[in-house]
Number of protein chains: 2
Amino acid sequence: MHKRVLIVEDEASIRDMVAFALRKADMDVAQAADARAAEIAIADAPPDLILLDWMLPGMTGLELARRLRHDPRTAEVPIIMLTARGEEMDRVNGLEAGVDDYVVKPFSTRELIARIKAVLRRAQGDDGTGSVELGGLRIDGPAHRVFAGGTQIEIGPTEYRLLHFFMTHAERVYTRAQLLDHVWGGSVYVEERTVDVHIRRLRKTLEPFGLENLVQTVRGSGYRFSTSA
Amino acid sequence: MHKRVLIVEDEASIRDMVAFALRKADMDVAQAADARAAEIAIADAPPDLILLDWMLPGMTGLELARRLRHDPRTAEVPIIMLTARGEEMDRVNGLEAGVDDYVVKPFSTRELIARIKAVLRRAQGDDGTGSVELGGLRIDGPAHRVFAGGTQIEIGPTEYRLLHFFMTHAERVYTRAQLLDHVWGGSVYVEERTVDVHIRRLRKTLEPFGLENLVQTVRGSGYRFSTSA
DNA sequence: CGCAACATGACAGAGGCATGACAGCGCCGT
DNA sequence: ACGGCGCTGTCATGCCTCTGTCATGTTGCG
């Protein structure tokens with residue numbers, strides 16, 4: 001019931017303040033001061049969400065984020081990064097993806113909690129089974145099947161992962177780089193234009209059901225899954 | 001333009017130090033040594049933000065915060081509390097009272113000002129997600145969408161960036177050179193007159209909604225986004 | 001009135017994206 | 001082992017939107 005959140009942050013005062021705020025918001029909190037402690041904490045009890053400081057002793061938060069993404073046990077756990085500067089954020093946002101959201105320091109606890117809840121809500125419907133339903137589409141996670149209305153859709157593996165990611169991250173634009181990170185996995189080298197092709201293939205399979213406009217192009221930015229035109 | 005900040009703090013040395021730092025950061029400062037003086041100062045000229053010390057003679061800062069929240073005239077004014085180390089349990093109470101943020105003593109003026117700016121920014125509708133709402137317009141940052149009233153607006157990439165910059169920097173005149181720097185990015189060579197054209201295009205997309213007068217010309221200086229005609 | 005600053009419309013070029021084709025690859029049954 | 005077969009990544013092409021610039025009309029100001 002209560003969501004479990006892991007805070008990875010070296011500065012004790014921030015860590016404590018955030019921990020108090022989260023407990024107040026009915027969340028279970030685990031703390032870690034560095035990457036090593038974080039991995040131990042994760043092995044101990046896997047969290048539902050990870051708060052990751054940008055600057056950590058030894059290993060940067062970004063490196064840790066990558067390692068977590070590569071580990072199948074933590075690949076699906078959403079990550080929110082705490083960054084120091086607003087300027088770095090844009091660059092980070094474009095280049096280094098694999099993170100679900102950013103919060104820029106200094107932040108108020110109120111704002112942080114709002115963002116955490118937003119991310120957890122987004123992952124909702126993915127109640128462990130990996131099933132989602134949205135905009136006339138339904139994904140049956142365990143059965144690895146997709147339905148439009150009542151009828152089943154034939155869909156390839158990559159399009160399946162792409163659609164699943166979109167449905168669990170709707171109403172939000174993702175760059176091609178971000179999609180490559182989330183859908184293909186960070187450790188492959190693939191042309192960004194390849195994303196276009198799979199978007200095309202996904203649209204094509206949705207077309208017979210009139211659902212191809214769920215996948216929308218945002219010129220100059222990327223793609224977006226949205227239930228509103 | 002200049003934000004008005006009220007400091008409620010009984011220790012004169014801290015009060016003066018903070019006041020000095022705030023004035024240097026282009027803010028108007030009012031001071032009060034206790035709760036009674038604070039209420040007089042607020043009645044005199046309502047501030048945009050209140051800095052509240054935890055320990056006050058007569059009435060604790062927390063009580064005062066509750067009273068301010070209860071009064072409709074001050075309910076919307078953000079509050080930042082100054083707490084001493086080791087009062088963490090009290091933070092929880094502060095959250096209940098609707099305090100917006102905390103700064104733990106001892107603090108650097110730099111950090112304090114950063115927090116103040118963050119809270120003020122949020123009070124203006126910027127919650128850190130890149131979304132803004134102002135003058136009948138709303139930008140959904142993550143979804144990369146613009147709404148006028150309730151309906152969505154079709155807008156090009158450059159006009160989007162231009163509008164976003166304006167909405168996050170309203171009520172202030174920017175020269176064409178400044179707009180080129182902020183919206184186009186510093187490393188491009190573009191005629192200054194090009195700005196005029198994009199201003200024109202932005203106005204044109206706002207025209208159907210009667211919002212074109214949000215973008216105002218300041219002859220001899222540049223352009224300004226303002227909610228007041 | 002005359003000048004400078006700005007508004008407006010038109011236009012050609014650039015660049016982003018959609019689309020269809022194709023070759024490599026792994027998988028499977030024969 | 002061999003030959004289909006489905007899937008994937010890349011490329012070439014064409015379309016279409018956006019963009020910067022110019023020419024011309026309009027406005028404000030001394």
Side-chain angles (χ1 to χ4, degrees), chain A residues 94 144-146 152-165 173-208 211-225, chain B residues 144-146 152-166 173-208 211-226 229:
Chain A
H144 215 267
R145 278 176 170 167
V146 182
Q152 190 182 344
I153 291 184
E154 288 302 320
I155 193 171
T158 304
E159 279 74 52
Y160 177 87
R161 292 200 310 276
L162 182 59
L163 179 61
H164 185 268
F165 176 80
V173 176
Y174 288 91
T175 66
R176 293 175 174 75
Q178 286 176 315
L179 290 173
L180 284 177
D181 272 345
H182 279 107
V183 178
W184 274 254
S187 54
V188 288
Y189 169 67
V190 173
E191 281 295 321
E192 286 206 346
R193 287 280 150 233
T194 300
V195 176
D196 299 30
V197 179
H198 283 276
I199 290 282
R200 158 72 176 149
R201 287 168 179 157
L202 178 56
R203 278 173 177 159
K204 213 168 187 174
T205 60
L206 296 180
E207 210 163 324
L211 297 173
E212 71 277 9
N213 42 351
L214 288 173
V215 182
Q216 302 165 359
T217 305
V218 180
R219 192 181 174 90
S221 296
Y223 295 98
R224 168 183 58 202
F225 186 94
Chain B
H144 210 273
R145 278 179 149 153
V146 182
Q152 191 187 343
I153 291 185
E154 290 301 321
I155 193 172
T158 303
E159 279 74 52
Y160 178 89
R161 292 199 309 276
L162 183 60
L163 178 61
H164 187 270
F165 177 79
F166 270 142
V173 179
Y174 288 91
T175 66
R176 294 175 174 74
Q178 287 175 314
L179 289 173
L180 284 176
D181 272 350
H182 284 107
V183 178
W184 273 254
S187 54
V188 288
Y189 167 67
V190 172
E191 283 294 322
E192 285 207 345
R193 286 282 150 228
T194 300
V195 175
D196 299 31
V197 179
H198 283 277
I199 290 282
R200 157 71 175 151
R201 287 169 179 157
L202 179 55
R203 279 173 177 158
K204 210 168 187 175
T205 60
L206 296 180
E207 210 164 323
L211 297 172
E212 70 276 9
N213 42 348
L214 288 173
V215 182
Q216 301 165 359
T217 305
V218 180
R219 193 180 175 86
S221 299
Y223 296 96
R224 170 183 54 201
F225 187 95
S226 171

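Residue numbers begin at 1 in each chain, while the letters A, B, ... track the order of the sequences. No experiment lies behind these values; they were computed from the predicted model shown.
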At under 4.0 Å, does any side-chain N or O of B:Thr217 touch on OP1 or OP2 of C:dC6? no
Rounding to an integer number of Å, can you tell me how far B:Leu180 CG sits from D:dG20 P? 9 Å
What is the nucleic acid contact for B:Glu192, judged by heavy atoms within less than 4.0 Å: base, sugar-phosphate only, or nothing? nothing
Does A:Tyr223 have a side-chain nitrogen or oxygen under 4.0 Å from the phosphate oxygens OP1 or OP2 of C:dA18? yes
For the student: nearest non-hydrogen atoms of B:Leu180 and B:Val190, plus distance: CD1-O, 3.8 Å
Please report, rounded to the nearest Å, how far the P atom of D:dT21 is from the CG atom of B:Asp196. 12 Å
Is the phosphate of D:dT19, meaning OP1 or OP2, less than 4.0 Å from a side-chain N or O of B:Thr194? no
For the base of D:dG20, is there a side-chain donor-acceptor partner from B:Arg201 under 3.5 Å away? yes
Any donor and acceptor pair, going by atom type alone, linking the side chain of B:His182 with main-chain N or O of B:Gln178 inside 3.5 Å? yes
Using whole Å, report how far CD1 of B:Ile199 lies from C1' of C:dC6. 11 Å
Scan B:Glu154 against the nucleic acid and name what it touches under 4.0 Å (heavy atoms): base, sugar-phosphate only, or nothing. nothing
Rounded to whole angstrom units, what separation is found between the CG atom of A:Leu162 and the C1' atom of D:dT8? 13 Å
Separation of A:Trp184 atom CH2 from D:dT10 atom C1', in whole Å? 13 Å
Quick check for you: among C:dC6, D:dT10, D:dT19, whose closest atom lies nearest to any side-chain atom of B:Thr158? D:dT19
Is the B:Phe166 to B:Tyr174 ring centre distance short of 6.0 Å? no
Under 4.0 angstrom between A:Lys204 side-chain N/O and C:dG20 OP1 or OP2: yes
Examine C:dC6: is either OP1 or OP2 under 4.0 Å from a nitrogen or oxygen in the side chain of B:Arg193? Give yes or no. yes
Once you round it to whole Å, what is the distance between C1' of C:dA18 and CZ of A:Arg203? 8 Å
The side chain of A:Val197 is closest to which nucleotide in this list: C:dG20, C:dC17, D:dT21? C:dG20
Strictly distance-based, threshold 3.5 Å: is any side-chain N or O of B:Arg161 a donor or acceptor partner for the main-chain N or O of B:Val183? yes
Rounded distance in Å - CZ (A:Arg200) to P (C:dA21): 10 Å
Candidate nucleotides C:dG20, C:dC6, C:dA18, ranked by approach to the side chain of B:Arg176 - the nearest: C:dC6
I need the B:Glu154 CD to B:Arg145 CZ distance, nearest 0.5 Å. 9.0 Å
Whole angstrom value for the distance that separates C1' of D:dC18 from NE2 of B:His198: 8 Å
